[in-house]
Amino acid sequence: MKKPEKSSMNKFWGLDEETIFLNHGSYGATPKIVLDEQNRWMKIIEKDPVRFFEEIAPKALLKSRMAIANFVKCDHDDLALIENATSGVNTILKSLDFNIDDEILVPNHAYQACRNTVDYVAKRSGAKVITCDIPFPVYNDDIIIQRIMDCVTEKTKIALIDTVTSPTGIKMPFEKIVNLLENKGVMVLLDAAHGIGMIPLNLDEIGASFTTSNCHKWLCAPKGSAFLHVRKDLQELIHPLTISHGMTMPINDISRFRHEFDWTGTRDISAWCVIPFVISEISKMVGMTWDEIMKHNNKLIIEARKKLCEKLNINPPCPEKMLSSIATLKLNFEDFSNLSVHESDPIHLELLETYNIQVPVWYWPDPEGRYIRISAQIYNHLDEYEYLANVLENVCEN
Ligand SMILES: Cc1ncc(COP(=O)(O)O)c(C=O)c1O
């Protein structure tokens, strides 16, 4: 089978030339110029670490928060720079006090690590976890909204809602859900791990109590760069996972929230320092605005999913308007013996080892099936999905 064409943009990333890389969604991928810029920051840190942390870092991090705030439309003082969305979810859930009269609402499509955090805080406090069943396939937003709202009781304290679900790749009607829940007095923790750089976000308008998003996924920033947005009226409830100097610093004109989140101990903060560069330079590098990048990736995933569905004779499990730049399909298998959620699906291994295609395929118990999730980023070419479809047709037949 002829190897697929690569996008002309592929040269900007250091991805393995031999691999057909269709999994931007799991960990992102960072362009070479961004890694060079991060390296430049590492050198600045080591030139004089004292001067860096005491003089340069506060200004650099303010610029990074301002760049993010401008991108996702919020006050930069309501943002904390953190390492990843998992720690964002942990920060909120571990800061809040729960008791046996509280319920935590979580849809069954939630990312497992975040679901584990919900279960952990519920177990230690006696709070009850209410799992909301969202079907998959799912054909309209109303079903999702209705299922979630049906799970709300007067005990519901917080709901963990995804912007885009990880296993099923559905763009949730999160703006409407947040509005309805917050108006009912339920705090929303918006898991926008797939958020900034993937879908337009206007945090002030959305109005969620808490939002966390990864910069290392769709913004293509270096690994370990993410943010947490906490609405002003709730900031005094929230503390970083690591308590440090900020807890007792005199307030002056800086909020306790700022003091606490701006310093959580010595660490490499080069990934955070690079964020303004990421936002301005990636757009220049590819010759598109971020809005155009998001639209391009959305268009590509729609075309890519069509190709796979046609070739494999699969009905699309959600309408195109529920797609962002990832798409999940349930493969046509009914025998699930010898498959486990804890081990790679043999199809994943065959695609990788025999055909050099990096794409997640996994077994999931509810709704039971073997799933594949494709991602579309600017470095991908439609030809790569066509190649995957042809290979997959053979692999599935065998
Ligand atoms: C919905 C969702 N939440 C949270 C995460 C966790 O992201 P991270 O590993 O960067 O913390 C992911 C990762 O894929 C995700 O898809």
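Since the structure is predicted, the reported quantities are computational estimates derived from the model, not experimental observations. Remember, it's 1-based here, ligands and their atoms both numbered in the order they're listed.
- Taking K284 as the reference, E281 meet the salt bridge (charged side-chain N to carboxylate O under 4.0 Å, His left out) condition, with sequence neighbours excluded.
- Interface of H216 with ligand 1, defined as ligand atoms under 4.0 Å from a residue heavy atom, comprises 10 (O).
- Seen from the ring of W263, R258 does not count as a face-on cation partner, given the 6.0 Å and 45° thresholds.
- Residue T86 approaches ligand 1 through these ligand atoms, each under 4.0 Å from one of its heavy atoms: 6 (C), 7 (O), 8 (P), 9 (O), 11 (O).
- For the pair E83 and R267, the salt-bridge criterion is met [side-chain N within less than 4.0 Å of a carboxylate O].
- Residue E83 places no heavy atom under 4.0 Å from ligand 1.
- Note that R370 lies outside the cation-pi zone of Y363, set by a 6.0 Å cut-off to the ring centre and a 45° limit from the axis.
- Heavy-atom proximity to N84, at under 4.0 Å, picks out these atoms of ligand 1: 8 (P), 10 (O), 11 (O).
- Aromatic ring orientation, W41 versus F52: perpendicular (interplanar angle above 60°, classes split at 30° and 60°).
- For atom 14 (O) of ligand 1, the nearest protein heavy atom (residue, atom name, distance) is K217 NZ, 2.7 Å.
- Each of the atoms 2 (C), 3 (N), 4 (C), 5 (C), 12 (C), 15 (C) of ligand 1 lies under 4.0 Å from some heavy atom of A193.
- Ligand 1 lies nowhere less than 4.0 angstrom from a heavy atom belonging to A113.
- Residues V164 and F136 share a single hydrophobic cluster, defined by chaining ILVMFWY side chains whose heavy atoms lie under 4.5 Å apart.
- Of all the listed residues (I82, N214, I326, T117), N214 holds the heavy atom that lies closest to atom 7 (O) of ligand 1.
- Of the listed residues (T163, N90, D191, T165), the one carrying the non-hydrogen atom nearest atom 3 (N) of ligand 1 is D191.
- Heavy atoms of C114 found under 4.0 angstrom from ligand 1 belong exclusively to the side chain.
- For the pair H24 and I326, the minimum side-chain heavy-atom distance is 4.5 Å or more.
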